[in-house]
Structures are given as C-alpha cells and as structure tokens.
Amino acid sequence: MPEGHTIRHLATVHEKWFAGKKVKASSPQGRFALYARQIDDQVMTHASAHGKHLFLHFGKPIVHVHLGLYGWFTLTKATQEQPTGTTRLRLQNDEYTSDLVGPTKCELITEEQMHLITAKLGPDPIHEDADVEQAWNNISKSKKSIASLLMNQAAIAGIGNVYRAELLFRAQMDPMMPGNKMSRDEFDEIWCDARALLRIGAVDGVIKTVNPQYLTNEEKAVGGHAQFSYVYKRTGLPCRICNTKIEQSNVDGRKLYWCPECQI
DNA sequence: TGAGTATGTTCAG
DNA sequence: TGAACCTACTCAT
C-alpha cells in the first residue's frame with residue numbers, strides 16, 4: 001500500500017510495461033473519462049515518482065496520481081476481464097493491464113503543473129540525487145517533533161505512517177524529540193536508513209524493516225512477500241528486542257507506535 | 001446490515 | 001482541529 005516505495009515500484013512497472021508503446025486508456029467509473037479520451041491510443045513516454053505522487057508521461061499531458069489512503073493499482077497480464085465499476089482508470093496494451101481504483105487524485109496536468117506539485121515537496125530519499133542538506137534544513141529548523149516532521153511531505157517526501165514508526169524504532173529515537181534538538185548524526189542515521197528501506201521496499205512494493213534474526217519461526221515460515229514490523233500495529237505485543245509492551249499514541253491525528261524502553 | 005478501520009491529503013471553521 | 005473524500009474489507013449485531 002501507498003508510501004514512497006509503492007509509488008516508485010508503480011512507476012517502474014508502468015514504465016516497463018507501457019513506455020514507448022501506444023496505450024488504450026479508459027475510465028470505467030467515468031470520473032476520468034474526459035481525460036482518458038485525451039490519452040487513449042497515445043504513447044506513454046515514461047513514468048516518474050516523487051514521494052507519494054506518481055506521474056505517467058504521455059508526451060506533454062501527464063497523468064498525475066495520488067493514491068491517498070486506500071487507492072491502489074491492480075497490475076495484471078493482459079486480461080479480458082471486465083474492470084470493476086469503481087475502476088477510475090484502465091491502461092492496457094496487448095500484454096498488460098493496469099487498473100486504478102480509489103485514488104485521492106487522478107488528473108491530467110501539464111509539465112508546469114507537475115513542477116508546481118514537486119516544488120512543494122521535500123527531498124525524496126529514494127532519489128539518487130536527493131538533496132540531503134535541504135532535508136536537514138527542513139528538520140533542524142523546526143520545533144515540531146521528529147514523529148510529526150517525518151510525516152510532513154514538505155520536509156521529506158515519501159515517508160508514511162509505517163516507515164515513520166519503523167525508522168524511529170530502528171534509530172532508537174524518542175518520537176517526541178523536536179527537530180531542532182536533533183544532532184546531525186541522528187538525522188543522518190534516519191535519512192540513510194530511510195533511503196535504504198525505501199529502496200528495498202520499492203523492489204517488490206513490500207515494506208521490509210525487520211532484521212530476520214528478530215522474526216519468530218512462524219513468521220520466517222511465511223516468507224518473502226509478508227510484511228512484518230518492529231512496532232507498527234503491534235500495540236500491547238512484546239517488543240522484539242526488549243520484551244516491553246509496544247505503546248500507541250496519536251500524533252497529528254495519526255497513530256504512532258513505539259517501544260517505551262528502546263526509544264528514549 | 002452497519003460500524004470501524006486503513007500505509008493520505010485538503011479544506012472549512 | 002475535525003470533517004470530508006476516495007474504496008474494500010473485517011467484525012459485531
């Protein structure tokens with residue numbers, strides 16, 4: 001589901017499947033129908049991602065997608081199956097089908113509008129050339145907690161509620177630490193870990209944060225595509241490291257999970 | 001059948 | 001700060 005790793009994964013798959021070829025575009029649900037007609041039978045040139053925003057480039061027109069909380073793509077080998085009535089956008093060629101359901105945003109924009117969107121976002125750690133100094137600047141000048149700042153897309157783009165909880169646990173950091181009280185070393189550790197974890201997650205679109213040595217035998221048996229966490233959604237369960245019960249609280253209206261023993 | 005929940009964002013008050 | 005929005009799924013009634 002949608003944090004930065006998912007969007008990067010989706011950009012990669014769409015580019016691999018559709019770039020350089022004519023694409024059939026339709027909007028079974030109807031809300032994107034007018035725009036779908038404009039890109040129908042056009043060639044997708046490439047796909048790109050910044051944070052949680054996906055851009056599918058059809059020459060000048062660009063499809064801008066933000067999945068929001070529960071939007072998703074169903075990616076399949078070319079199918080004759082009818083899309084569900086809620087499918088906002090279907091992209092298809094002879095080999096592949098991409099169905100988009102429930103996005104917060106699906107619109108046709110210009111390159112200029114795309115730049116306006118990305119200009120409002122902080123550096124995306126998954127990008128090779130991401131500006132770490134800009135990210136440090138955004139964090140270190142704020143009195144807000146690091147838990148709050150990591151979710152702020154204008155500070156750092158692409159991190160969501162799962163990666164936030166897991167990054168803070170892995171760094172053994174108090175989630176309430178104000179950005180302007182963090183040392184550069186502490187920030188660098190989180191930034192580098194975010195880079196690494198997002199890239200690992202982007203490979204197959206699954207969030208992987210737990211060192212296998214801390215998985216139970218049952219969890220190990222489940223294997224590859226399963227998602228496990230140190231603290232996310234583990235309220236009341238014992239910490240994988242110290243056995244203290246994981247706690248849950250609310251930061252900016254979102255649930256935050258942490259270990260009161262490890263993260264001091 | 002209906003309430004609650006979900007890895008998100010925006011806008012009104 | 002809280003509600004609204006986009007959708008599907010789980011669980012209680």
Side-chain angles (χ1 to χ4, degrees), chain A residues 1-11 27-33 35-36 49-55 63-75 81-90 98-107 109 113-114 116-122 124-126 144-145 147-170 175 193-194 197-210 225-236 246 248-258:
Chain A
M1 286 296 180
E3 293 193 27
H5 70 297
T6 308
I7 311 307
R8 165 53 67 96
H9 176 72
L10 288 168
S27 178
Q29 179 221 36
R31 284 184 56 175
F32 194 69
Y35 293 133
H50 192 120
K52 299 169 189 170
H53 297 255
L54 174 67
F55 302 99
V63 178
H64 169 222
V65 176
H66 193 297
L67 291 176
L69 193 51
Y70 31 69
W72 77 93
F73 279 95
T74 305
L75 301 165
E81 277 178 38
Q82 288 299 310
T84 64
T86 52
T87 303
R88 184 81 60 87
L89 171 65
R90 166 170 275 199
S98 159
D99 284 340
L100 169 62
V101 173
T104 286
K105 207 77 145 187
C106 176
E107 58 184 1
I109 61 172
Q113 289 172 305
M114 185 187 86
L116 287 174
I117 292 166
T118 55
K120 288 179 189 164
L121 298 169
D124 179 349
I126 212 168
K144 289 188 173 172
S145 68
S148 181
L149 289 166
L150 284 178
M151 292 285 278
N152 181 351
Q153 301 301 299
I156 298 179
I159 294 170
N161 209 20
V162 182
Y163 278 118
R164 161 175 80 170
E166 297 293 288
L167 284 167
L168 289 171
F169 177 84
R170 286 165 59 100
D193 204 27
L197 291 184
L198 284 165
R199 284 178 185 169
I200 290 167
V203 174
D204 49 16
V206 178
I207 295 175
K208 289 176 182 167
T209 61
V210 181
H225 278 281
Q227 183 178 308
F228 302 109
S229 63
Y230 282 111
V231 290
Y232 178 74
K233 273 196 174 173
R234 296 191 74 243
T235 313
I246 301 301
Q248 170 191 321
S249 63
N250 199 300
V251 174
D252 297 341
R254 305 298 301 281
K255 283 177 183 167
L256 171 72
Y257 307 84
W258 86 101

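FYI, side chains are in, hydrogens and waters are out, and symmetry mates aren't considered; it's all heavy atoms of this structure. Within every chain, numbering begins at 1; the chains are lettered A, B, ... in the order of the sequence lines, protein sequences first and strands thereafter.
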Visitor: Base, sugar-phosphate, or nothing for A:Lys52, non-hydrogen atoms under 4.0 angstrom?
Guide: sugar-phosphate

Visitor: Using a cut-off of 4.0 Å on non-hydrogen atoms, how would the nucleic acid contact of A:Thr86 be classed: base, sugar-phosphate, or nothing?
Guide: sugar-phosphate

Visitor: Counting the atoms with a prime plus P, OP1 and OP2 as sugar-phosphate, which does A:Glu166 contact under 4.0 Å by heavy atoms, base, sugar-phosphate, or nothing?
Guide: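 It contacts nothing in the nucleic acid.
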
Visitor: Any idea how A:Tyr257 and A:Tyr232 line up, ring-wise: parallel (<30°), tilted (30 to 60°), or perpendicular (>60°)?
Guide: perpendicular

Visitor: Reckon A:Arg88 touches a base, only the sugar-phosphate, or nothing at all at heavy-atom distances under 4.0 Å?
Guide: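 Contact class for A:Arg88: sugar-phosphate only.
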
Visitor: Output the rounded distance in Å from NE2 (A:His5) to C1' (B:dT7).
Guide: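 A:His5 atom NE2 is separated from B:dT7 atom C1' by 7 Å.
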
Visitor: Using 30° and 60° as the class limits, which term best fits the ring planes of A:Phe32 and A:Tyr35: parallel, tilted or perpendicular?
Guide: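 The rings of A:Phe32 and A:Tyr35 sit tilted, inter-plane angle from 30° to 60°.
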
Visitor: Distance check, P atoms only: C:dA8 and B:dT10, in whole angstrom units.
Guide: 23 Å

Visitor: OP1, OP2 of B:dG8 versus side-chain N and O of A:Lys105: anything below 4.0 Å?
Guide: no

Visitor: Look at A:Tyr163 and B:dT7 and indicate whether a side-chain polar atom (N or O) is within less than 4.0 Å of OP1 or OP2.
Guide: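 Looking at the OP1 and OP2 atoms of B:dT7, neither is under 4.0 Å from any side-chain N or O of A:Tyr163.
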
Visitor: CD of A:Gln248 versus P of B:dA6: gap in Å, rounded?
Guide: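 Computing the A:Gln248:CD to B:dA6:P distance gives 8 Å.
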
Visitor: Is A:Arg254 close enough to B:dG8 that one of its side-chain N or O atoms is under 4.0 Å from OP1 or OP2 there?
Guide: yes

Visitor: Specify the separation, in whole Å, of atom CG of A:Leu69 and atom P of B:dT10.
Guide: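 The answer, rounded to whole Å, is 14 Å.
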
Visitor: Expressed in whole Å, how much space separates the P atoms belonging to B:dT9 and C:dC9?
Guide: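 Going atom to atom, P in each nucleotide, I get 23 Å.
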
Visitor: Distance check, P atoms only: B:dA3 and C:dA3, in whole angstrom units.
Guide: 16 Å

Visitor: Are the side chain of A:His50 and the backbone of A:Gly122 linked by a donor-acceptor contact shorter than 3.5 Å?
Guide: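 Yes, the answer is positive, given that a donor and an acceptor are paired below the 3.5 Å cut-off.
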
Visitor: Hey, does A:Lys120 reach any base, or is it just sugar-phosphate, or nothing, if we go heavy atoms under 4.0 Å?
Guide: nothing

Visitor: In whole angstroms, how far is the P atom of B:dG8 from the NE2 atom of A:His66?
Guide: 8 Å

Visitor: Listed by chain and number, what are the side-chain contact (heavy atoms from CB on, under 4.5 Å) partners of A:Ala154, not counting sequence neighbours?
Guide: A:Asn152

Visitor: Provide, to the nearest angstrom, the distance between the CD1 atom belonging to A:Ile117 and the P atom belonging to B:dG8.
Guide: 18 Å

Visitor: Please evaluate residues A:Asp99 and A:Thr87 with respect to the criterion side chain to side chain donor-acceptor pair (under 3.5 Å), reporting the C-alpha separation (whole Å), side-chain torsions for both, the decisive distance (0.1 Å), and the verdict.
Guide: CA-CA 6 Å; A:Asp99 284 340; A:Thr87 303; 4.7 Å; no

Visitor: Taking CG from A:Asp252 and C1' from C:dT1, how many angstroms apart are they, rounded to a whole number?
Guide: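 Spelled out: CG on A:Asp252 to C1' on C:dT1 is 10 Å.
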
Visitor: Rounding to an integer number of Å, can you tell me how far A:Gln153 CD sits from B:dT9 C1'?
Guide: 9 Å

Visitor: side-chain contact (heavy atoms from CB on, under 4.5 Å) between A:Gln113 and A:His64: does it pass, once the steps are laid out?
Guide: CA-CA 10 Å; A:Gln113 289 172 305; A:His64 169 222; over 6 Å; no

Visitor: Please state how far atom CG in A:Leu167 lies from atom P in B:dT7, giving the value in whole angstrom units.
Guide: 16 Å

Visitor: Check every atom of B:dA6, B:dG8, B:dT7 against the side chain of A:Lys255 and return the nucleotide holding the closest atom.
Guide: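 The closest nucleotide is B:dA6.
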
Visitor: When you compare C:dA4 with B:dG4, how far apart are their P atoms, in angstrom units rounded to a whole number?
Guide: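 15 Å, rounded to whole Å.
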
